[in-house]
Amino acid sequence: MAAFKKLRRYFSKHFFHRKDTDPEAAYNLWAGSYDSQPDNLMLALDEEVFSGLLNHIIIKNKIIADVGCGTGRHWKKILGNEPKKLIGFDVSDEMLKMLQQKFPHAETHRIINNKLEGLQNESCDCIISTLTIAHIQNAEEAITEWNRVLKPGGQMIITDYHPLALAKGGKRTFRHNDETVAVKNYVHTLEDLKNIAKQLGLQVSRSIEKPIDESARPYYEKQNALAVFEIWKGVPIIYGMYLIKPDAAL
């Protein structure tokens, strides 16, 4: 009974009795505290998945577009590989302001209607999008736009909350003014995303699905939520895909 009450309190705090907030509005609220989350499991797992996929790409002297760049969580790592240019896109002005504080010379643009304004066709060597695509209602429209600006032979890295976790009731939440805010998500199955890629001529070279396992236990312990951990244990929580746009000349 004690475990049940603890579970009910946890879900009441993190999942129920709340209207999901539009991503632009939510991330404008979250921007000021986004980089101060030492115990955020999803950010830790995203770092692991993204870093593993990035190792397959030669960044030096390449033009990179980061879609859903946020505060530039991955920028130090990317810039350390000496790209020719790194361009950030996000729907949130406040997140972009935080990125500009950390990287004063960064080129950033606000996304409107999934358009990467300012980028010409086949102008980028790599498209990166982390923890973003489930916030986009029309995934096909977004990936089609990313593909438009990607050069033949270019690569694309996508990571995000696993659709199975979202379908099970998982939420992206944060605290603001003593209230829990949940960011609106849309469930795009991996099969649907891979079919979109296939229709656009993109090849899925690598795919990673990371479940909740024992390595995640400490994150739940700190929240006094081991009962929740037991429910989610074994559920895929994050995924990553590495795609290639074939070079017709080869």
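Values below: all heavy atoms of this structure, side chains included; hydrogens, waters and symmetry mates excluded.
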Could you check whether Glu191 pairs with Lys194 (Lys NZ or Arg NE/NH1/NH2 to Asp/Glu carboxylate O, under 4.0 Å)? no
Does Gln203 use its side chain to pair, donor to acceptor, with the backbone of Lys245 at less than 3.5 Å? no
Might you point out which heavy atoms bring Ile57 and Gln155 nearest each other, and give the distance in Å? CG2-OE1, 3.7 Å
Once rounded to the nearest 0.5 Å, what's the spacing between atom CD1 of Ile63 and atom CG of Leu150? 11.5 Å
Tell me if a side-chain donor or acceptor on Asp66 pairs with a main-chain N or O of Gly88 at a distance below 3.5 Å. no
Which ring pair (Phe, Tyr, Trp, His ring centres under 6.0 Å) pairs, counting each pair once, include a residue from residues 70-103, with sequence neighbours left out? Phe50-His74, Trp75-Phe103, Phe89-His109
Do other residues, nucleotides or ligands put more than 12 heavy atoms under 6.0 Å from the CD atom of Glu221? yes
side-chain hydrogen bond (donor to acceptor under 3.5 Å, both in side chains): which pairs involve residues 116-129, sequence neighbours left out? Asn121-Arg148, Asp125-Lys151
Exercise: identify the closest heavy-atom pair between Gly68 and Asp90: C-OD2, 3.3 Å
Measure across Ala197 and Leu243 and return the closest heavy-atom pair with its distance rounded to 0.1 Å. CB-CD2, 3.4 Å
Shortest non-hydrogen separation from Ser205 to Ile244 and the atoms involved: CB-CD1, 3.9 Å
Linked, directly or transitively: Tyr27 and Ile136 (ILVMFWY side chains, under 4.5 Å): no
ILVMFWY network linking Val149 to Ile128, side-chain heavy atoms under 4.5 angstrom: no
Pairwise distance CD(Glu140) to CG(Asn147) - rounded to 0.5 angstrom: 11.5 Å
Can you label the angle between the Trp30 ring and the Tyr34 ring as parallel, tilted or perpendicular, going by 30° and 60°? perpendicular
Just by distance, with hydrogens left out, do Ser215 and Asp213 show a side-chain donor and acceptor under 3.5 Å apart? yes
Heavy-atom count around Lys85 NZ within 6.0 Å, excluding the residue itself: above 12? no
I'd like to check Thr189 versus Leu193 (side-chain heavy atoms, cut-off strictly below 4.5 Å). Are they in contact? no
Heavy-atom side-chain contact between Leu119 and Cys124 under 4.5 Å: yes
Donor-acceptor pair, Asp160 side chain versus Ile133 backbone, under 3.5 Å? yes
Indicate whether any N or O donor in one side chain lies under 3.5 Å from an N or O acceptor in the other, for Asn114 and Glu141. yes
Could you tell me if the side chain of Lys115 sits less than 4.5 Å from the side chain of Glu145, heavy atoms only? yes
Do Ile143 and Leu202 have side chains that approach each other closer than 4.5 Å (heavy atoms only, starting at C-beta)? yes
Under a 4.5 Å cut-off applied to non-hydrogen side-chain atoms, are Leu41 and Tyr220 in contact? yes
When every non-hydrogen atom of Ser207 is compared with those of Met241, the smallest separation belongs to OG-CG, 4.0 Å
Heavy-atom side-chain proximity of Leu54 to Ile59 below 4.5 angstrom: yes
d(Met42 CE, Thr159 OG1) to nearest 0.5 Å is 8.0 Å
Heavy atoms of other groups near Asn55 CG, more than 12 under 6.0 Å: yes
Taking Leu166 as the starting point, is it possible to reach Leu190 by hopping between hydrophobic residues whose side chains are less than 4.5 Å apart? no
Chi angles and distances behind the salt bridge (Lys or Arg N to Asp or Glu O under 4.0 Å) call for Glu230, Arg217: CA-CA 9 Å; Glu230 293 299 334; Arg217 181 182 289 273; 3.5 Å; yes
Using every non-hydrogen atom in the two residues, find where Pro23 and Val183 come nearest and quote the distance to one decimal. CA-CG1, 3.9 Å
What pairs of residues pass the salt bridge (charged side-chain N to carboxylate O under 4.0 Å, His left out) test when at least one of them lies in residues 33-42, not counting sequence neighbours? Asp35-Lys102, Asp39-Lys222
Under a 4.0 Å threshold between the charged nitrogen and the carboxylate oxygen, would Glu47 count as salt-bridged to Lys77? yes
